[in-house]
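Everything below concerns the one structure shown next.
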Amino acid sequence: MPELPEVEVVRRGLERTLPGRTIATVAVAHPRAVRRHAAGAADFAAVLTGRTIEAACRRGKYLWLALDSGAALLGHLGMSGQLLVVATEKPDETHLRVRFTFSDAGRELRFVDQRTFGGLAVVPADAGVPAPIAHIARDPLDPGFSDAGFVAAVRRRRTGIKRALLDQTLVSGIGNIYADESLWRAGLHYARPTGTLTRGELNRLLQSVREVLLEALHAGGTSFDALYVSVNGESGLFDRSLAVYGRAGLPCTRCETPIRRDAFMNRSSFTCPRCQPRPRKAHW
DNA sequence: TCCGGCACCTGTACGC
DNA sequence: TGCGTACAGGTGCCGG
């Protein structure tokens, strides 16, 4: 599932291969892939054709390609999206949604998405971050991220700490996997009410988040299957380093207590019952 | 304004 | 073998 490290690996791949290339053709194979482009698929293709890509950028889990027109090709990988830069003769993927060819033939950009939670749109981006994602917070690896601002905002919330970690307007880039891993490292239970967390605990959590994200980034991201891959189609290796996620019943690597799986927000949360004691007053 | 619940979507695993 | 069901989960919308 693409979270910050996976999206950053993809961004770096796009940044290596796309700037300076001019889009020759755009073919939308599945309209749902461009549902966020209000003017429709035909307009999507028309406004991109002939445009030159200048840079590949990221905010949280969103990616965008800055164009010479001042607009941006904004994308989100959702659960299963892939942006691949491949040889034009390579056979189409089963779930190919959008194909971009360039004026210099040889390689093309493909948006592939099995579950179609992801999507692409062309949006204004004159002032840096595209308008539709202006509400997305910076991520903890962004030099402009404010630790003090995050700590204060979390303490003002009345919710559980995991919900806060997953709220992209508070801190971006964290999904279900890295939220669980970070909370385990910090020794915090996901249901701890945000209002009861001390500044020290929150700073420790931020430290854990950064460690987890950086380690995953250096490993090339996390992958359980073929759903997440870099622009070259390669899978990451961080899944071999996961401490709790997906390890229900297996011993905690710190204390050997069996890892517990709970239903949470229509998904799963994995905790060590000993390292992450459940608060007396839990907040979902 | 803040918070929680749910729809969206498809492939896979599993039970019967 | 084939069918039905549960599950995976990021985001945005809606209701309280």
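Naming: A, B, ... by sequence-line order, numbering from 1 per chain.
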Please check: side-chain N/O of [X] versus main-chain N/O of [Y], any donor-acceptor pairing under 3.5 Å?
X: A:Gln276; Y: A:Leu188; result: yes
X: A:Arg192; Y: A:Thr196; result: yes
X: A:Arg199; Y: A:Val151; result: no
X: A:Glu256; Y: A:Arg254; result: no
X: A:Glu181; Y: A:Val244; result: yes

Output the rounded distance in Å from [atom1] ([X]) to [atom2] ([N]).
X: A:Met265; N: C:dA8; atom1: CE; atom2: C1'; result: 14 Å
X: A:Phe264; N: B:dG4; atom1: CZ; atom2: C1'; result: 11 Å
X: A:Asn176; N: C:dA8; atom1: CG; atom2: P; result: 9 Å
X: A:Ile133; N: C:dG10; atom1: CD1; atom2: P; result: 17 Å
X: A:Leu170; N: C:dT11; atom1: CG; atom2: C1'; result: 15 Å
X: A:Asp167; N: B:dC3; atom1: CG; atom2: C1'; result: 10 Å
X: A:Lys162; N: B:dG4; atom1: NZ; atom2: C1'; result: 15 Å
X: A:Arg35; N: C:dG12; atom1: CZ; atom2: C1'; result: 10 Å

To 10°, what angle do the rotation axes through the five end pairs on each side of the helix from B:dC2-C:dG16 to B:dC16-C:dG2 form?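 Taking the rotation axis at each end, their angle is 50°.
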Do the side-chain N or O atoms of [X] get closer than 4.0 angstrom to the phosphate oxygens (OP1, OP2) of [N]?
X: A:Arg157; N: B:dC3; result: yes
X: A:Tyr178; N: C:dG10; result: no
X: A:Arg163; N: B:dG5; result: yes
X: A:His135; N: C:dG12; result: yes

Which sits closer to the 5' end of DNA chain C, A:Lys61 or A:Ser268, going by the nucleotide each is nearest to?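 Checking each residue's closest nucleotide, the 5'-ward one belongs to A:Ser268.
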Between CD of A:Gln82 and CG of A:Leu96, what distance do you get to the nearest 0.5 Å?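 Rounded to the nearest 0.5 Å, the CD-CG separation comes to 10.5 Å.
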Step-by-step salt bridge (Lys or Arg N to Asp or Glu O under 4.0 Å) determination, A:Arg11 to A:Glu8: CA-CA 5 Å; A:Arg11 188 203 66 78; A:Glu8 176 60 17; 3.0 Å; yes
Pick out the pairs of N or O atoms, protein on one side and nucleotides 8-12 of chain B on the other, that lie under 3.5 Å.
from, atom 1, to, atom 2, distance (Å)
B:dC8, O3', A:Arg32, NH1, 3.3
B:dC9, OP1, A:Arg32, NH1, 3.1
B:dG11, OP1, A:His95, NE2, 3.4
B:dG11, O4', A:Gln114, OE1, 3.3

Relative to A:Phe264, does A:Arg163 satisfy both conditions: NZ or CZ under 6.0 angstrom from the six-membered ring centre, and within 45 degrees of the ring's axis?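 Flagged: A:Arg163 positioned over aromatic ring of A:Phe264.
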Pairs: protein N or O with nucleotides 14-16 of chain C N or O, under 3.5 Å:
none

Hydrogens and angles aside, do A:Asp139 and A:Ser172 bring a side-chain donor and acceptor to less than 3.5 Å of each other?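 Per modelled atom types, A:Asp139 and A:Ser172 side chains form no pair under 3.5 Å.
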Please determine, by modelled atom types, if A:Thr194 and A:Thr159 share a side-chain donor-acceptor pair under 3.5 angstrom.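 The answer is no; no qualifying pair exists.
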If the test is side chain to side chain donor-acceptor pair (under 3.5 Å), which one of A:Lys162, A:Arg267, A:Glu3 qualifies with A:Asn176?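 So the option named by the test is A:Lys162.
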Tell me whether the count of non-hydrogen atoms from other residues, nucleotides or ligands lying under 6.0 Å of CZ in A:Arg274 goes above 12.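 Open.
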What nucleotide, of C:dG12, B:dC2, C:dG10, holds the atom closest to the side chain of A:Met79?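 So the nucleotide nearest the side chain must be C:dG10.
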